[in-house]
Student: 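Here it is, the structure in full.
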Number of protein chains: 2
Amino acid sequence: MTTPTIDRQIERRLADADVRYTRGRRVVISALAEADGPRSAAELSRVIGESVPLSSLYRSLAVLEEAGVLAPHFSSPGLTRYELAEWLSGHHHHLVCICCGIVQDIEVADGLEQRLQEIVADIAGGVSFSELNHALEIEGHCAGCA
Amino acid sequence: MTTPTIDRQIERRLADADVRYTRGRRVVISALAEADGPRSAAELSRVIGESVPLSSLYRSLAVLEEAGVLAPHFSSPGLTRYELAEWLSGHHHHLVCICCGIVQDIEVADGLEQRLQEIVADIAGGVSFSELNHALEIEGHCAGCA
DNA sequence: GCTCCTTTTGATATTGATTCTCGTTAGAGT
DNA sequence: ACTCTAACGAGAATCAATATCAAAAGGAGC
Ligand SMILES: [Zn+2]
Ligand SMILES: [Zn+2]
Ligand SMILES: [Zn+2]
Ligand SMILES: [Zn+2]
C-alpha cells in the first residue's frame, strides 16, 4: 500500500518531468510498493492481473525508470526487476536466493552501513573510478528454500 | 593468456565431470582469462572471431557454467556475462560503469575483505537466510566515461 | 589405420523477454 | 464541450538465449 508520502513525492517528481501519473502507472507503483524486493514485469503482472496489459506494463516501467522513480535490478538471467528508487525507499541491500531466484530487500543498521561505506570508499579510492553508489548482494538460501 | 595452472585445474575439473575440454571451449576460457571482467557471449564473439560460431559459444558457456568452471554475472538488461569461477580466479568484487555498462574486476586487500566479511555476517545473522557468498558492486563512472 | 560408440559441433528453428508501431483513447487546459 | 498532446493497447518486430538434429570429432579397442 503506497504510503501517501511516497505517492506525493512521485506526483511531484512526475509533474516536474511533465509525465502523467495515470491509473496504470499508479497500479504499477502500488504493486512495487507492496513488494518486499524488486519485481519483474511478469511477476508484477501476476499480481496486478488483466487490468494493465503487458505492453503497457513494460512501457510504464520504462517511463518510471526514465523519470528516476524506479530503479532496475539484475540478478536473474534474461529479465529485469524493478523497485522504487532509493530516494523513495531508502538505501538498502539485497538477499538473493540462489535456489529460487527471489530477491529480498534488507535494511542495514546505520552503524554497519557506515562501516560498509568506508570500505567501499577505500576500495574505490585506489583506482581510477569515480564511485557513486554501491550494491551489496548477499547470496544464499531463503527461508523457503532452506 | 590462460595460465598453465588454471588450465590444468580446468582440465581436471572437466575430466571429473566427463566433459571434454575441446578446442572451442579452450578458446572461450582463454578469452575470459584475458578479460579483466565478466564478458557476454556477444562481447566474447567480437574478440574470438568466426572460429567459434555463436551457437557453439552459447553452448560452451552453458556447459562450462554447469561444470562450475564459469560463473554468470548480471548487471546489464537482457544479457548474461560470464567469468572464471572464484575457485579459479580468486574472490573479488566489481566496478560497474553506469555509463557504458562495462564491468571490471577489482581485488580487495585482505584486511578490507575481512571487514566486509564481518559486515555481511552481521547483516545475514539477523534474518532467516543462510548466507553463502556475497557480491559487492561499486557503481560509478569508469576512466573512459569520466 | 579402421570400427564402434559417444560427445560435440554448428546451421537453423524456436522460445521468451522486451521493445516498437500505430491507430485509438483519455487527460489537462481553455 | 473542444483541442491538443500524452498515454494506451493489441499486435508485430527484435534480440539474447535455447533447442534440434544431422554431421564431424574423440576415444577405446583392434
Ligand atoms: Zn529461495
Ligand atoms: Zn531493493
Ligand atoms: Zn564507462
Ligand atoms: Zn569478476
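Letters A, B, ... are given to chains in the order of the sequence lines, protein chains preceding strands, and every chain is numbered from 1. Reckoned from all heavy atoms, side chains included, excluding hydrogens, waters and symmetry mates.
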Student: Looking at A:Glu11 and A:Arg26, is any side-chain nitrogen of the basic one under 4.0 Å from a carboxylate oxygen of the acidic one?
Tutor: yes

Student: Quick check: are there more than 12 heavy atoms from other residues, nucleotides or ligands sitting under 6.0 Å from CD of B:Glu66?
Tutor: no

Student: Using the 3.5 Å cut-off, write out each protein N or O paired with an N or O of nucleotides 27-30 of chain C and the distance between them.
Tutor:
none

Student: Just by distance, do the side chain of A:His94 and the backbone of A:Val103 share a donor-acceptor pair under 3.5 Å?
Tutor: no

Student: Verify, without hydrogens or angle tests, whether B:Trp87 (side chain) and B:Gly68 (backbone) share a donor-acceptor contact under 3.5 angstrom.
Tutor: yes

Student: Report the distance from atom CZ of A:Arg81 to atom C1' of C:dA17, rounded to the nearest whole Å.
Tutor: 13 Å

Student: Strictly under 6.0 Å, is that where the ring centroids of A:His91 and A:His134 end up?
Tutor: yes

Student: Is the shortest side-chain N/O distance from A:Tyr58 to OP1 or OP2 of C:dT18 below 4.0 Å?
Tutor: yes

Student: Between B:Pro77 and B:Ser51, which is nearer to the 5' end of DNA chain C once each is assigned its nearest nucleotide?
Tutor: B:Ser51

Student: Just compare D:dA16, D:dA10, D:dC8 and give me whichever is closest to any side-chain atom of A:Pro53.
Tutor: D:dA10

Student: How many whole angstroms separate atom CZ of B:Arg26 from atom P of D:dA25?
Tutor: 17 Å

Student: Check this for me: does any side-chain nitrogen of one of B:Arg39 and B:Glu83 sit under 4.0 Å from a carboxylate oxygen of the other?
Tutor: no

Student: NA contact type, A:Thr80, heavy-atom cut-off 4.0 Å: base, sugar-phosphate, or nothing?
Tutor: sugar-phosphate

Student: Could you check B:Ser56 against B:Gly78 and say which one's nearest nucleotide on DNA chain C is further toward the 5' end?
Tutor: B:Ser56

Student: Does B:Arg59 put a side-chain nitrogen or oxygen below 4.0 Å from OP1 or OP2 of D:dA19?
Tutor: no

Student: Measure from the side chain of B:Leu79, starting at C-beta and using heavy atoms only, and say which of D:dA16, C:dT9, C:dA17 lies closest.
Tutor: D:dA16

Student: I want to check something: taking the side chain as every heavy atom from C-beta on, are B:Leu70 and B:Ile29 in contact at a cut-off of under 4.5 Å?
Tutor: yes

Student: Look at the side-chain heavy atoms of Ile, Leu, Val, Met, Phe, Trp and Tyr, link any pair under 4.5 Å apart, and say whether A:Phe74 and A:Leu136 land in one connected group.
Tutor: no

Student: Using a strict heavy-atom distance below 4.0 Å, which residues from residues 61-76 of chain A are in contact with DNA chain C?
Tutor: none

Student: Drop me the distance from A:Ser45's OG to A:Glu50's CD, to the nearest 0.5 angstrom.
Tutor: 7.5 Å

Student: Enter the distance from A:Ser40:OG to A:Arg46:CZ here, rounded to the nearest 0.5 Å.
Tutor: 6.5 Å

Student: Taking five pairs at each end, how big is the angle between the two axes of the helix from C:dG1-D:dC30 to C:dT30-D:dA1, to 10°?
Tutor: 40°

Student: Between P on C:dT9 and CD1 on B:Ile48, what's the gap in Å once rounded to a whole number?
Tutor: 12 Å

Student: Of the nucleotides C:dC20, C:dG10, C:dT9, which one has an atom closest to the side chain of A:Ser55?
Tutor: C:dC20

Student: Rounded to whole angstrom units, what separation is found between the CG atom of A:Asp18 and the C1' atom of D:dT5?
Tutor: 11 Å

Student: Write down the distance between CG (B:Leu57) and C1' (C:dT8), rounded to a whole number of angstrom.
Tutor: 14 Å

Student: If you count the non-hydrogen atoms of other residues, nucleotides and ligands that lie under 6.0 Å from CG in A:Asp110, is the total more than 12?
Tutor: no

Student: Side chain of B:Ser76, backbone of B:Leu79: donor and acceptor closer than 3.5 Å?
Tutor: no

Student: How many whole angstroms separate atom CG of A:Leu54 from atom P of D:dC8?
Tutor: 14 Å

